[in-house]
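Convention: sequence-line order gives letters A, B, ...; per-chain numbering from 1. Both backbone and side-chain heavy atoms feed into the values below; hydrogens, waters and symmetry mates do not.
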2 protein chains.
Amino acid sequence: MNSNVAVSVPGGDVWLRRLSSVVSLSRAAQEAAAEIMSLGRPIPARDHIIRDGNRETSIKVLISGFACRYKFLPAGRRQITAFVLPGDLCDFGFVSSSPASQGVMALSPSIVGAVDVDRFASIVEEYPDLMAAVLRCAAIEQNATQELLLSLGGRNALQRVGHLLCELHFRMQSAGLLRDGQAFDLPVTQSELGEALGLSTVHVNRTVQTLRKLGLATWRDRVVSLPNPPGLAALSGFDPAYLKSEMA
Amino acid sequence: MNSNVAVSVPGGDVWLRRLSSVVSLSRAAQEAAAEIMSLGRPIPARDHIIRDGNRETSIKVLISGFACRYKFLPAGRRQITAFVLPGDLCDFGFVSSSPASQGVMALSPSIVGAVDVDRFASIVEEYPDLMAAVLRCAAIEQNATQELLLSLGGRNALQRVGHLLCELHFRMQSAGLLRDGQAFDLPVTQSELGEALGLSTVHVNRTVQTLRKLGLATWRDRVVSLPNPPGLAALSGFDPAYLKSEMA
DNA sequence: TTCCCGAATTCACATAGGTTAAATCGGGCG
DNA sequence: CGCCCGATTTAACCTATGTGAATTCGGGAA
């Protein structure tokens, strides 16, 4: 829309924008990447996008909506290991030809783009930068997982929630999905937040209210607003460096 | 020793064994991989193997010893994100041409092998299976991180410690490093265990003693012994599937 | 042998966060 | 308009784990 690159599929630009943000791609590589992506049918909230253990034949990219990656503990508790935002790849199993090691579920109505793994492999031969881009995305994803690990291992409830809100805010901003000043859509339940942060629903609620009182975050009607991002970042120890790719 | 493959460097077999365990490699590929590895000088306990943020020019493989990957929280607390055993790669940053996102420190006197990244890249052109093997290793590593995330998010102290001991036992076994029946070396301090599991030193101690009383684990003089592995696995919800590569 | 030091252990006490259950809110639907 | 149901909120109570500090243990150095 803002450029005249041929985008054969609506929504393909989300995928291109993501790849280009981590590796600078030639026009030809971009066109090749755009051509092999196709859109799937809309997926309602709570439906699976990928089932744990499934050997996927296509690379799935979230085009719009909101999803999460998760695993189950033997006890039955579900641990959300990552939130998937538009532009994110749903699973990186294909990089090592492994089946998905975790499930991916839509948290709000979503649209997913699919790139056939074999077709991707064949254009990668001509445009190896595309593989580099995917590997960079995988590395960032890995960093985010580790940052969550840091939260669970060493931050208290207030910091955990604050840190996650900072991260989502930053990523939504990067994706161009901020509503106006500082607000963004968070179509997630407080209980689901708890499943990511290792906190009970009740305590997530207490914590969110404390953030409200501190004037650091508002969350109403599935919309989060951060009146004072630097303040929240300071409280929670958020530093977005881990979400950026080193374009060195 | 048990085969007549030329191993140009002592210790190179640890590296080869690891690669071969995730992807079956041709004799030629094995020889090529062995040739480009060189051994570094011994590293004393508590020394850095990799410094956070450093752009490594070589792939580092732990040949012998024991190490950990870690990050610091702004508060100063250190979070260990993974234990590195002989045969493991110390850092996967080179896969995405990124600098190391975490530090790696020897926990006991260690020897590290180095493979120049550029030389590796050049032989990968001839033996792409080598890259596949490295990516598989990265995927397993990623799985282990997520399993730790599950521990911190949803397991209590007893299960966390038990699960970690099960994992180390399994990995030491795979590396052929079990002493006799079920015992293995764990040259780590209780406080360091706590840094990995998000527990205080005191509580790690309490927990280890409980495991002793339950007859599920003994840990004395840096040697861990598991009298009843299935029992401990059941208690802690350990399933080694996440450590295996799907050779499909 | 004795000293010394880091690691393991023990103890007393404090608290963040879990649990259970009930109350309220808000929107979709008949 | 009134009902229903999931999500949020509140409340009372409970416990797993943290904290701080002292004690013991075990092995290396003098």
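If you check every strand for non-hydrogen atoms under 4.0 Å, A:G194 touches nothing. Across all strands shown, A:R212 has heavy atoms under 4.0 Å from sugar-phosphate atoms exclusively, and none from any base. Residue B:V208 is classed as having no contact, given no heavy-atom separation below 4.0 Å to the nucleic acid. If you check every strand for non-hydrogen atoms under 4.0 Å, A:S200 touches a base. Among the heavy atoms of the strands lying under 4.0 Å from B:N156 are primed sugar atoms or P, OP1, OP2 only; no base atom is included.
Comparing A:D221 and A:G198 by the nucleotide of DNA chain C whose heavy atom lies nearest to each, the residue mapping closer to the 5' end is A:G198. Along DNA chain D, the nucleotide nearest A:R220 and the nucleotide nearest A:R206 are compared for position; the residue whose nucleotide lies closer to the 5' end is A:R220.
Of the candidate nucleotides C:dT10, D:dT8, D:dT17, D:dT17 has the atom nearest to the side chain of B:H203. Among the nucleotides D:dA7, D:dT19, C:dT20, the one closest to any side-chain atom of B:V202 is D:dT19. Checked against C:dT9, C:dA7, D:dT10, the side chain of B:N205 finds its nearest nucleotide in C:dT9. Taking only side-chain atoms of B:T189, from C-beta outward, the nucleotide of C:dT9, C:dA7, D:dT10 with the closest atom is C:dA7.
Using a 4.0 Å cut-off between charged side-chain N and carboxylate O, B:D91 and B:K60 make no salt bridge. Ion pairing between a basic and an acidic side chain is recognised when a charged N comes within 4.0 Å of a carboxylate O; A:D185 and A:R179 show such pairing. Using a 4.0 Å cut-off between charged side-chain N and carboxylate O, B:E141 and B:R69 make a salt bridge. Salt bridge B:R155/B:E147: present, at least one basic N to carboxylate O contact under 4.0 Å.
Summarising the geometry, the separation between CG on A:L152 and C1' on C:dA16 is reported as 15 Å, rounded to the nearest angstrom. Residue A:L197 contributes atom CG, which lies 15 Å from atom C1' of C:dA16 at whole-angstrom precision. In this structure, the CD atom of B:Q159 is 14 Å from the C1' atom of D:dT17, given to the nearest Å. Rounded to an integer number of Å, the gap from A:L199 CG to D:dA16 C1' is 15 Å. The CG atom of A:L193 sits 12 Å away from the P atom of D:dT9 (whole-angstrom rounding). The distance from atom CH2 of A:W219 to atom P of D:dT8 is 6 Å, rounded to the nearest whole Å. Rounding to whole angstrom units, NZ of residue B:K213 and C1' of C:dT10 are separated by 11 Å.
Between C:dG6 and B:Q190, no contact under 4.0 Å exists linking OP1 or OP2 to a side-chain N or O. For B:Q209, no side-chain nitrogen or oxygen approaches OP1 or OP2 of C:dA8 to under 4.0 Å. Checking the phosphate oxygens (OP1, OP2) of C:dG27, no side-chain nitrogen or oxygen of A:R222 falls inside 4.0 Å.
By the 30° and 60° cut-offs, the orientation of the rings of A:F238 relative to A:H163 is perpendicular.
For the atom pair CG of B:L193 and OG1 of B:T201, the computed distance is 9.5 Å after rounding to the nearest 0.5 Å.
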